[in-house]
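Have a look at the structure below, then the notes.
All heavy atoms count here, side chains included; hydrogens, waters and symmetry mates do not. Here, residue 1 is the first one in the sequence, and each next residue gets the next number. Not measured: the values here are computed from a predicted model.
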Amino acid sequence: MKVLFVSSGNSKNGVSPIIKSQAESLMKQGISISHYLIRGKGVFGYLKNILPIKKIIKKGGYDVIHAHYSMSAFIATFAGSNPLVVSLMGSDVKSDKYFKIFIKIFKKISWIKTIVKSEDMKKSLKIDDVVVLPNGVDVNFFKNHDRNNALKKTSWNPDKRHVLFAANPSRPEKNFKLAKDAMKLLKTPGTELHYLEDVPHERMPCLLNAADLVLLTSKYEGSPNVIKEAMACNAPIVSTNVGDVGWLLRGLNGCYVASDSPVDLASAIDASLAFSVESKSTKGIDQ
């Protein structure tokens, strides 16, 4: 089977790590995967890709075209992709009500299958016949390592406590301000906040294992992969109640789902950091 992945190529690293991982897992099953990366930002930047996609589809003889995120799906639709499978990743359902309207129209017209990442996304979209299929995590890549060894590979002060904000702070939906406000209220001394900015995907297991705690303060999510990656690395986690995080962290020691109140979030961070200290002499989070 030949599949063409259509997604944004505007990031510094090209293919999104999530999409790249998905492609690699399918290739291991014997499926041929090609990528078309959309270059250009905004509506007009995306529209310029319609003819190139159409030419590639015509030459490639693909059995399926799989578009990731709604904007890529809209362009793939205009390019005549058929059959077209669409994965909605979270922001395209949660951020703008007009996107929901367009999604419903395009889905009805030409999308053979529509995938969302959580039940929360399905509920928000209000379409019954979408498939809830969260992205998986490569547990051979994301796994528990000795924290001291991981810490040595960073530039972090070994005498401090380290909270890793699990996103790029420049993205407004990740709500970095809430993280900073909560950190100011911590009762745990000597705690530093780090964040992800231009971090190669290959470095993520090291950072997740070096951190005393992984923090997510998003306003909305689908099924955030970084939470599942942190779980695979046995890291304590504090997150706002977005996407399927409540379900993912339910019953896990050292992990807390907090409100978007800085006070509530700070309390959860202090509790998780206390657990992190206690667990250093044990096997870590009880999963």
Side-chain angles (χ1 to χ4, degrees), residues 12-13 16-18 20-22 24-25 134-169 171 174 176 179-180 182-183 186 188-218 221 223-240 242-245 248-258 265 268-287:
K12 186 175 181 179
N13 297 320
S16 160
I18 295 174
K20 182 180 180 182
S21 177
Q22 184 181 119
E24 290 173 348
S25 66
N135 291 315
V137 171
D138 185 351
V139 293
N140 292 315
F141 181 65
F142 288 97
K143 56 186 177 181
N144 190 21
H145 296 288
D146 180 79
R147 182 180 177 275
N148 290 327
N149 288 337
L151 193 58
K152 289 177 183 178
K153 297 178 182 179
T154 72
S155 59
W156 299 352
N157 186 339
D159 297 322
K160 300 284 187 177
R161 310 298 304 283
H162 300 284
V163 174
L164 177 63
F165 179 75
N168 188 324
R171 296 175 62 184
K174 300 301 182 180
F176 186 54
K180 292 192 295 182
M183 291 294 293
L186 289 189
T188 306
T191 303
E192 296 183 341
L193 179 64
H194 307 271
Y195 52 81
L196 304 179
E197 187 175 30
D198 297 328
V199 175
H201 189 59
E202 293 72 21
R203 186 165 168 75
M204 283 301 298
C206 173
L207 298 180
L208 292 171
N209 276 284
D212 291 281
L213 180 154
V214 175
L215 176 64
L216 189 72
T217 57
S218 298
E221 292 280 354
S223 179
N225 258 48
V226 72
I227 293 296
K228 289 172 275 189
E229 292 164 357
M231 291 170 64
C233 294
N234 212 31
I237 300 164
V238 173
S239 174
T240 48
V242 289
D244 60 358
V245 169
L248 287 169
L249 300 185
R250 186 177 300 146
L252 294 186
N253 294 331
C255 297
Y256 296 87
V257 177
L265 194 68
I269 293 171
D270 279 324
S272 189
L273 287 172
F275 173 83
S276 180
V277 170
E278 294 173 0
S279 65
K280 284 182 179 179
S281 60
T282 66
K283 293 182 179 180
I285 299 173
D286 180 10
Q287 298 188 46

Fill in the blank from the handout: Rounded to the nearest 0.5 angstrom, the CG-CG distance for Leu186 and Leu273 is 7.0 Å
Practice task
Grab the two heavy atoms, one from Pro169 and one from Leu196, that are nearest each other, plus how far apart they are.
Solution key: CD-O, 3.7 Å
Problem - Smallest separation among heavy atoms of Phe142 and His201, with atom names - result: CZ-CE1, 3.6 Å
Practice task
Answer yes when Glu197 and Arg171 have at least one side-chain N-carboxylate O distance shorter than 4.0 Å, and no when they do not.
Solution key: no
Exercise for the section: Taking the side chain as every heavy atom from C-beta outward, state whether Leu207 and Trp156 have any pair of such atoms under 4.5 Å apart. Expected result: yes
Exercise for the section: Check for a donor-acceptor pair, side chain of Ser272 on one end and backbone N or O of Ile269 on the other, with a separation under 3.5 Å. Expected result: no
Problem - Heavy-atom check, side chain of Thr154 versus side chain of Arg203, under 4.5 Å - result: yes
Handout entry: Nearest-0.5 Å distance, CG of residue Leu213 to OG1 of residue Thr191
Key = 9.5 Å
Exercise for the section: Would you check if the side chain of His145 reaches a backbone N or O of Leu208 as a donor-acceptor pair within less than 3.5 Å? Expected result: no
Completion exercise
SG (Cys206) and CZ (Arg147) are apart, to the nearest 0.5 Å, by 11.0 Å
Problem - Closest non-hydrogen atom pair between Ala182 and Leu265, with its separation - result: CB-CD2, 3.6 Å
Problem - Side-chain donor/acceptor of Arg161 to backbone N/O of Thr188, under 3.5 Å - result: no
Exercise for the section: Answer whether the closest heavy-atom distance between the side chains of Met231 and Leu249 falls below 4.5 Å. Expected result: yes
Exercise for the section: Please check if the side chain of Ser25 supplies one atom and the backbone of Gln22 the other of a donor-acceptor pair under 3.5 Å. Expected result: yes
Practice task
Find the distance between OG1 (Thr217) and NZ (Lys180) and round it off to the nearest 0.5 Å.
Solution key: 10.5 Å
Fill in the blank from the handout: Nearest heavy-atom approach of Val242 to Ser218 is CG1-O, 3.3 Å
Problem - Within-4.5 Å side-chain heavy-atom neighbours: Thr240 and Glu221 - result: no
Exercise for the section: Without swapping roles, check the side chain of Asn209 against the backbone of Lys143 for a donor-acceptor pair under 3.5 Å. Expected result: yes
Exercise for the section: Report yes if some heavy atom in the side chain of Asp244 is under 4.5 Å from a heavy atom in the side chain of Pro224; otherwise report no. Expected result: yes
Practice task
Calculate, to the nearest 0.5 Å, the distance between atoms CG and OH belonging to Leu215 and Tyr195 respectively.
Solution key: 14.5 Å
Handout entry: Any Phe165 side-chain heavy atom under 4.5 Å of Lys174 side chain
Key = yes
Handout entry: Shortest non-hydrogen contact from Leu151 toward Pro158
Key = CD2-CA, 3.8 Å
Exercise for the section: Would you check if the side chain of Asn225 reaches a backbone N or O of Gly136 as a donor-acceptor pair within less than 3.5 Å? Expected result: yes
Exercise for the section: May I ask you to test the Met204-Val199 pair for a side-chain heavy-atom distance under 4.5 Å? Expected result: yes
Problem - Asn135 side chain near Ser223 side chain, heavy-atom distance below 4.5 Å - result: no
Exercise for the section: Indicate yes or no: does Lys160 engage Asp212 in a salt bridge with an N to O separation below 4.0 Å. Expected result: no
